Structures are given as structure tokens and as C-alpha cells.
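Owing to the predicted nature of the structure, the values given are computational and were not obtained by experimental measurement.
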Amino acid sequence: MSIPTIKHVRAYVVRGGGADYHDQGDSHWIDDHICTPMSKYPEYCQSRQSFGINVLGSLVIEIEDSEGHVGLGVTTAGEIGAYIVEKHFARFLEGARVTDIEKLWDQMFNASLFYGRKGVVINTLSGVDLALWDLLGKVREEPVHVMLGGAVRDELQFYATGARPDLAKDMGFIGGKMPLQWGPAHGDEGLKKNIEKLAEMRSRVGDDFWLMFDCWMSLNVEYATRLAHAAQEYGLKWIEEALPPDDYWGYAKLRQQVPSTMMVTTGEHEATRWGFRMLMEMDCCDLIQPDVGWCGGVTELLKISALADAHGKLVVPHGSSVYSYHFVATRHNSPFAEFLMMAPQADKVVPMFNPLLLDEPVPVNGRLKISELDKPGFGVRLNPECKLHRPYTH
Ligand SMILES: C[C@H](O)[C@H](O)CC(=O)C(=O)O
Ligand SMILES: [Mg+2]
């Protein structure tokens, strides 16, 4: 039997939505006064785009094999990522067999260790890894979830992230995660407004619908503890990413201090098995949220998930649409998935990577049948109407 080899690697940049889902137009809930570590500067408080949350843009990676199959991966890494793929990672990929995913991951990681480890370099590596899994699926004519061992359930169930949990409930989701709007810089008055918002949502959705706060790295232990206790009365299910990702010590303390009925979650800005090992061994949280496009790709997520399983932690990946769904379908310790509401008013279901991908499945009534994922690879293709820019070649 002959195994195809990788012939060409190409990296493109695209603006406006896609993998960089913060790169939206005006009047979008995702850029409307969300609390961040930059909120202490009044000039960067109202809009995350004002401090550059959308500065990277989407990175699109195509990996073509000797038989003409093309694997596609996308992530948030823009032009920096395109440079790394073309000028550095391509040397390992071209000429390798399409099955060499584990070895290629190791080579890309170790070769970039001196400037990488986390952040945009691992985002880039993740995007390449997704393209490799997509390519292998196309060669084998199998969905990624089949290659990962097969689905353990018939359908996925989703909670929604957005400004309108009440509308998410009407759309069939099991819960709604709201961005926190006020942080320590806004004092007691801000904390009161956060709780008022939660109370209002609780009154709209009733007792049984999950409500969560996404704090996007912006609090400190003291504030997060006070917020958690004040939110207990309104049944907050979890407090997410309350602290900066490097504050493992703070997370460990916070987890001890929140009400016992409330989960502490984090991990969307964490990367690799070593980063997650810190979160787990220090008992920082109850549920981890790796983003498959940022944590090291599917190859690394499998290791992170096995580690989490052994520590009794749930794994509910951050966003990332089909790239998460194929994984969540196959894991017992990933009982549900996230859906990020990309409609500007969070009032309807729009594909998360809109407009970049075609054939991207979306939840219907808060659920997605695994059979919707039964296509080779990740089952999505590039929208030809999106303008791709290839800033570097090799
Ligand atoms: C809403 C959050 O601030 C962020 O944009 C998305 C996120 O952290 C999540 O989906 O989780
Ligand atoms: Mg989050």
C-alpha cells in the first residue's frame, strides 16, 4: 500500500469574522462593553477592538498531498501565523507522509520552542494540526470523529455564549453564558450592576436554565470570590476565566473560596498538555475549556483530555465549531459543547466561522446529530467569496 505524501503547504490571511470571531463589524454584542484586563483604562473600556482584540485576523492553512487531496485548517494567528507556516513549519510538512501527524506535531513544537510554547505560535501549530487531520480524513474518506475512535453519543447538546441567554433558551439551548461587563476598576457599583444583570436574566429564563459568567481574565481573587457569592442566589452554574491565565495560584485559591455548588472553569487561553497539567495538578478548576485551534490542535487535545479524565475534570472546549464537535462527540468526559452566538444581537443561530466556511453545521433546537458530521475530514470547505491573501511563500 502506498501512503500519499505532502506536496504543498499554503498559508493565507482573511479579515472579517472567521476563526478570528472577535473581528466583527460595528454594533456587535461581542464588542459591547465587556470587562477585560484593559478595562482599567477608560479609553479601552467600551470596545475590545479599541485595544486590538481583532488585530491578528484568521489564518487559513491548506495542505495538499501527492494525490490532490487538500486538508484545511483555520485558526486565529493572521500574518504572524502565515509567516511561521511558510518560513518555518513547511520544511517539516512537505515530503512527510500524510499519516505522520504525531511526528510532525513534535517537530513543529520542538523546533519553535525557543520562541513559541504558547500563544500565537501554538495557535499556528494548532491550525496546521487541524489541516493534517482534515487531510487524513479526506485520504481515508472518514470523518475526524471516526478516526478519533468513534462517537460515544448520537447527538451533541449545546449551551450558548452571548448577550441574550433568554433568547438562547427560546432557541433550545441548555444554558446561556454571558460576558461580564464590569470589573474591579468599576468598584462596588460595577459589581452591583453585574449581579443585577444576572438577576434580570434569571427572572427571564426561570430556575432550570443554566446561567454562567464569562469574565475573560479580568478579575482578581477577591473580586471573583465576592462576585461568586453574590451570584449564588441566582444559581450561577460556573464562573469562567475569572483570572489571568498564568495565575494558577489564584485559581487554586478561588476554587476553594467559591460556593460549593458553583464550578470554576478556565483554559481557553491555556495551551499544551503542560499548561493544562498545571491547572489540574494545582486543582485550579472543575472544568477545562481548551480551544482546539489554540491549545495544540486535535493531537494535543487528546492528551489534555486524557489527563483531565484521570483528574476527574470535564473537558468542554472553547468555541471552535466543527473542530470541537468532532472531538466532543468521541469523549465521555465532554458531555456538552459550546456554541458562540455570532449574530450581532445574539438573536439567531449563525455559523461560528461565518463567512469563512461553507457546510458548517449548526445546532438546531440546541442539538446537533452526529450524523451531520459524517463527511470526510472535518466536513467543511472554504467559502470562495472570502478574499484570501497569501503574504509569504516559501
Ligand atoms: C464572550 C467572551 O468574552 C469571549 O468573546 C468568548 C469566550 O470567552 C467564550 O466563548 O468562552
Ligand atoms: Mg470564555
If the plane angle is over 60° it's perpendicular, under 30° parallel, otherwise tilted; pick one for [X] and [Y].
X      : Y      : value
Phe89  : Phe92  : tilted
Phe336 : Trp210 : perpendicular
Phe51  : Trp216 : tilted
Trp238 : Tyr159 : perpendicular

Under a 3.5 Å threshold, yes or no: a donor from one side chain and an acceptor from the other, between His269 and Asp291?
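Distance-only check fails for His269 and Asp291.
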Is there a donor in the side chain of Tyr248 and an acceptor in the side chain of Glu270, or the other way round, less than 3.5 Å apart?
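Yes - a donor-acceptor pair under 3.5 Å links their side chains.
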Look at the side chain of [X] and the backbone N and O of [Y], then say whether any donor-acceptor pair between them is shorter than 3.5 Å.
X      : Y      : value
His326 : His145 : yes
Trp105 : Gly296 : yes
Arg91  : His88  : yes
Thr124 : Val85  : no
Gln24  : Tyr21  : yes
Thr161 : Leu340 : no

Might you confirm whether atom [atom1] of [X] has over 12 heavy atoms from other residues, nucleotides or ligands at distances under 6.0 Å?
X      : atom1 : result
His33  : NE2   : yes
Lys7   : NZ    : no
Gln232 : CD    : yes
Arg255 : CZ    : yes

Nearest heavy atoms of [X] and [Y], plus distance in Å:
X      : Y      : answer
Thr299 : Glu102 : CG2-OE1, 3.5 Å
Pro143 : Leu373 : CB-O, 3.4 Å
Asp134 : Pro376 : OD1-O, 4.4 Å
Leu130 : Val298 : CD2-CG2, 3.8 Å
Leu198 : Ala231 : CD2-CB, 3.5 Å
Leu219 : Leu180 : CD2-CD2, 3.7 Å

Should Gln46 and Asp31 be marked as a side chain to side chain donor-acceptor pair (under 3.5 Å) after you check the CA-CA gap, both sets of side-chain angles, and the distance that decides it?
CA-CA 8 Å; Gln46 168 58 33; Asp31 202 28; over 6 Å; no
What donor-acceptor contacts under 3.5 angstrom involve side-chain atoms of residues 347-358, with partners at least two apart or in another chain?
none

Side chains of Asp207 and Arg202 in contact at under 4.5 Å (non-hydrogen atoms):
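Answer yes - side chains close enough.
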Short N-O contact, Glu62 and Arg10, less than 4.0 angstrom:
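Counted as a salt bridge, because a side-chain N and a carboxylate O are separated by less than 4.0 Å.
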Check the pair Val362 / Leu368 against side chain to side chain contact (heavy atoms under 4.5 Å, CB included), numbers first and verdict last.
CA-CA 7 Å; Val362 291; Leu368 182 73; over 6 Å; no
